[in-house]
Q: 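My questions will all concern the structure given below.
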Amino acid sequence: MERIAVITSGGDAPGMNAAIRAAVRTGIGRGVTVFGVRNGYEGLMEGSLFEADSIFVGGIIGRGGTVLRSGRSERFKTAEGVAAGAEHLKSRGIQGAVIIGGDGSLRGARELSLTSGIAVIGVPASIDNDIPGTATSIGFDTAINTAVEAADKIRDTAYSHDRVFVIEVMGRQNGFIAVETGLASGAEAILIPEVPYSLDDICVRLTSGHDKGKKSSIIIVAEGATSAAKVRDVIAEKTGYEVRYLVLGHMQRGGNPTAWDRVLATRFGSAAVQALMAGRTREMVGFDGKQITYTPLDDVLSTRRTVDPEKLLLAEVMAQ
Ligand code: F6P
């Protein structure tokens, strides 16, 4: 394999740049010409490729976002879109691609490889951490640290005013960010889309805590469960407490990656290129808690990663 491409696709995640840097420098170190693709699959279909050198990736390991830029593409979900992208790779003699992104991006990678024969290795990057085949995806650690920092700051003002705060975090389909943020910030309740909840029960919990002398309460809501504004209205009405809410939104996707995300992304980016060079394809690199793993994209895309219910129970015990 003499020519490979690197693409970031889908929602950006802090640490993507570290993965790009690792893929480029590992490739160059092995004598491979590495192309960067701008703007995700949209850029691929337009042929927006350039030769990435070591200087291009200099100084980006600690920067959030992606220097290649990213996006979600509806057209790449069609056979015509995939064929257009493959053509631009083939016309440059590119035999392999490292695709850095989440579920939709990995789906596109699989299609690209199946229809064109181009080798692909996926690198899991999503703040949601919902990708099977890896304990952690790039960006998750940074996102939860951002959310926990916000929750800690809110706790200070909540305590000073004897208030309840509802904090909405990202997670349209799942509650991974909410659970970790809630556990780490000592939240009184965590609402996630996967588990039914009762606002009546939560009000009882808040009242009992208040009666015991609690001076603040924090509720973490995953955006896919409900909205923080709705929870605020119901709790304010039922308890009579002063309740405020905030939506953390896209700030969870930005910011300098944590050391964990930088190292994870560096290992993933390098492992992906090494896998291509070893003749592997349609696999995703991952981390099982001990070492780098490779899982077929077929398996990654046909399973679901689920929140550990023990963590929710633990959060409830801690919130007494
Ligand atoms: O990156 C994943 C994610 O952050 C989800 O949690 C969120 O719902 C979604 O992306 C929002 O992204 P966008 O505004 O780019 O559609």
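We count ligands from 1, going down the list as the structure has it; atoms in each ligand are counted the same way.
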Q: Report the residue from K215, R205, R155 that forms a salt bridge (charged side-chain N to carboxylate O under 4.0 Å, His left out) with E188.
A: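 With E188 as partner, salt bridge (charged side-chain N to carboxylate O under 4.0 Å, His left out) holds for just one option, R155.
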Q: Put together the list of close N/O pairs, under 3.5 Å, between ligand 1 and the protein, could you?
A:
residue	atom	partner	partner atom	Å
ligand 1	1 (O)	R253	NH1	3.3
ligand 1	4 (O)	R253	NH1	3.3
ligand 1	6 (O)	D128	OD1	2.7
ligand 1	6 (O)	D128	OD2	3.1
ligand 1	6 (O)	G171	N	3.2
ligand 1	6 (O)	E223	OE2	3.3
ligand 1	8 (O)	R172	NE	3.3
ligand 1	8 (O)	E223	OE2	2.6
ligand 1	10 (O)	R72	NH2	3.3
ligand 1	10 (O)	R253	NH1	3.0
ligand 1	12 (O)	R72	NH2	2.9
ligand 1	12 (O)	R253	NH1	2.9
ligand 1	14 (O)	H250	NE2	2.7
ligand 1	15 (O)	R72	NH2	3.0
ligand 1	15 (O)	R253	NH1	3.4
ligand 1	15 (O)	R253	NH2	3.0
ligand 1	16 (O)	R72	NH2	3.4

Q: Side chains of D141 and T258: do they bring a donor and an acceptor to under 3.5 Å?
A: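 The criterion, which ignores hydrogens and geometry beyond distance, is satisfied for T258 and D141.
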Q: Any link between Y294 and V98 through a network of hydrophobic side chains (Ile, Leu, Val, Met, Phe, Trp, Tyr) touching at under 4.5 Å?
A: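 Per the 4.5 Å side-chain linkage, Y294 and V98 are co-clustered.
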Q: S208: which residues meet the side chain to side chain contact (heavy atoms under 4.5 Å, CB included) condition with it, sequence neighbours left out?
A: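 Checked S208 against side chain to side chain contact (heavy atoms under 4.5 Å, CB included); matches are K212.
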Q: By side chain to side chain contact (heavy atoms under 4.5 Å, CB included), which residues pair with T78, not counting sequence neighbours?
A: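 Residues passing side chain to side chain contact (heavy atoms under 4.5 Å, CB included) with T78: R75, E80.
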Q: Give the other cluster members for I55, using side-chain heavy-atom distances under 4.5 Å between Ile, Leu, Val, Met, Phe, Trp and Tyr residues; answer none if it is isolated.
A: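 In the cluster with I55 there is nothing else; it is isolated.
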